[in-house]
Amino acid sequence: MTERVAVDMWFDPLCPWAWITSRWLLEVEQVRDVDIRFHVMSLSVLNEGRDLPEQYQDLMAKGWGPVRVCIAVEQAHGGEVLGKLYTAMGTRIHLGKGELGRDMLVGALTDVGLDPALADAAESTEYDEALRASHEAGMRPVGTDVGTPVIHAPGPDGGQVAFFGPVITPAPKGEAAGRLWDGVLLVAGTPGFYELKRSREVGPVFD
């Protein structure tokens with residue numbers, strides 16, 4: 001039996017590309033010897049002080065609430081429940097096209113059997129220090145010129161590799177998900193490899 005290894009992904013619930021990557025990773029978990037652990041990063045933290053279009057500034061202002069609630073849930077209930085909350089939030093945001101307000105937060109918390117009062121964390125700075133620490137832990141190995149998703153995984157030589165992406169749509173299923181994982185890990189674990197990119201021609205597909 002091959003020993004299973006932990007693979008860590010940092011997400012912001014707002015990001016549709018991170019959502020697709022997370023669904024791909026859950027497929028990978030079924031066909032490769034990996035266990036996925038979810039962690040919180042924040043596009044609102046990442047973009048602090050940056051000159052952004054007004055529409056994106058408004059999105060970043062709304063983005064504090066969901067990540068604060070995620071941190072509150074992680075601290076109270078642990079990483080496994082955080083992963084379930086992420087699924088509930090993402091289903092409402094990306095599949096259900098829900099607004100980013102309190103109704104979404106209460107609904108997602110209720111979906112996973114949590115106290116709806118945890119939604120109060122959205123309007124509090126109580127969890128911001130922990131949020132920034134989680135964000136920093138995810139971003140430190142990859143730098144600040146990337147966004148979400150960020151993945152940390154054991155590389156081919158046993159050392160940690162960390163990277164942004166992959167940005168994919170739709171999420172591959174079954175063995176196709178496993179083959180993509182094998183390739184991503186191969187290139188990410190190659191010393192000196194930094195970037196592979198092409199222009200996106202389609203938007204997120206949530207199939």
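Of all heavy-atom pairs spanning T144 and M139, the tightest one is CA-CE, 4.3 Å. Closest non-hydrogen pair, F164 versus V142, comes out as N-CG1, 4.4 Å. Looking at every heavy atom in both residues, P172 comes nearest to L180 through CG-CD2, 3.9 Å. Of all heavy-atom pairs between M60 and L14, the closest is CE-CD1, 4.2 Å. Scanning both residues, S44 and D12, for their nearest heavy atoms gives N-OD2, 4.3 Å. Contact between V40 and C70 at its shortest, heavy atoms only, is CG2-CB, 3.7 Å.
Ring geometry for Y86 against W19 counts as perpendicular: the plane angle is over 60°, on a 0 to 90° scale with 30° as the lower cut. Using the six-membered ring where Trp is involved, F11 and F38 have ring planes that are perpendicular, over 60° apart on the 30 and 60° scheme.
Between the CZ atom of R179 and the CG atom of D182 there is a distance of 9.0 Å, given to the nearest 0.5 Å. Here H94 contributes atom NE2 and S22 contributes atom OG; the two are 8.0 Å apart, rounded to the nearest 0.5 Å. Residue M9 holds its CE atom at 9.5 Å from CE of M41, rounded to the nearest 0.5 Å. To the nearest 0.5 angstrom, D207 atom CG is 8.0 Å from T169 atom OG1. Rounding to the nearest 0.5 Å gives a distance of 10.5 Å between CD1 of I71 and NE2 of H39. Taking CG of L85 as the start and CE of M89 as the end, the distance is 4.0 Å to the nearest 0.5 Å.
No donor-acceptor distance shorter than 3.5 angstrom exists from the side chain of Q160 to the backbone of P154, with no hydrogens or angles considered. E27 places a side-chain N or O within 3.5 Å of a backbone atom of G174 that can act as its donor or acceptor partner. A distance-only check finds no donor-acceptor pair linking the side chain of K97 to the backbone of L95 [under 3.5 Å]. Not one N or O on the side chain of T148 forms a donor-acceptor pair closer than 3.5 Å with the backbone of A18. No donor-acceptor pair under 3.5 Å is formed between the side chain of D33 and the backbone N or O of E3.
Counting non-hydrogen atoms of other residues, nucleotides and ligands closer than 6.0 Å to CD of Q57 gives a total above 12. Under a cut-off of 6.0 angstrom, the local environment of CD in E80 is sparse, with at most 12 non-hydrogen atoms contributed by other residues, nucleotides or ligands.
Side-chain contact check for D111 versus R92: some heavy-atom pair is nearer than 4.5 Å. Side-chain atoms of F163 and V146, non-hydrogen and from C-beta on, never get closer than 4.5 Å to each other. Between V167 and I20 the shortest side-chain heavy-atom distance does not fall below 4.5 Å. Side-chain contact between L59 and L100 is present, with at least one heavy-atom pair separated by less than 4.5 Å. Here the side chains of V7 and D35 are not in contact, with every heavy-atom distance at 4.5 Å or above. Looking at P170 and F206, their side chains never come closer than 4.5 Å, going by heavy atoms from C-beta outward. Using a 4.5 Å heavy-atom cutoff, the side chains of I151 and L25 are in contact. Considering only heavy atoms from C-beta on, L109 stays 4.5 Å or farther from D115 through its side chain.
The existence of a salt bridge linking E175 and R32 is confirmed by a sub-4.0 Å separation between a basic side-chain nitrogen and an acidic carboxylate oxygen. Taking 4.0 Å as the cut-off between side-chain N and carboxylate O, R68 and D120 do not count as a salt-bridged pair.
In the hydrophobic clustering of this structure, L118 does not group with V106; members are Ile, Leu, Val, Met, Phe, Trp, Tyr whose side-chain heavy atoms approach within less than 4.5 Å, directly or through other members. V187 and L196 fall within a single hydrophobic cluster, where Ile, Leu, Val, Met, Phe, Trp and Tyr are joined by side-chain heavy atoms under 4.5 Å apart, directly or via other members. By the criterion of side-chain heavy atoms lying less than 4.5 angstrom apart, applied directly or through intervening Ile, Leu, Val, Met, Phe, Trp or Tyr residues, V184 is not grouped with V31; the two fall into different hydrophobic clusters. At a threshold of 4.5 Å between side-chain heavy atoms, the hydrophobic network of Ile, Leu, Val, Met, Phe, Trp and Tyr places V205 and I168 in two separate groups.
Donor-acceptor pairing under 3.5 Å is recorded for the side chains of T87 and R23.
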Q.
Please determine whether salt bridge (charged side-chain N to carboxylate O under 4.0 Å, His left out) holds for the pair E48 and R132, giving the CA-CA distance in whole Å, both sets of side-chain angles, and the decisive distance to 0.1 Å.
A. CA-CA 12 Å; E48 279 183 313; R132 292 177 185 279; 2.8 Å; yes
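Checked against the 6.0 Å centroid threshold, H152 and W10 count as a close aromatic pair.
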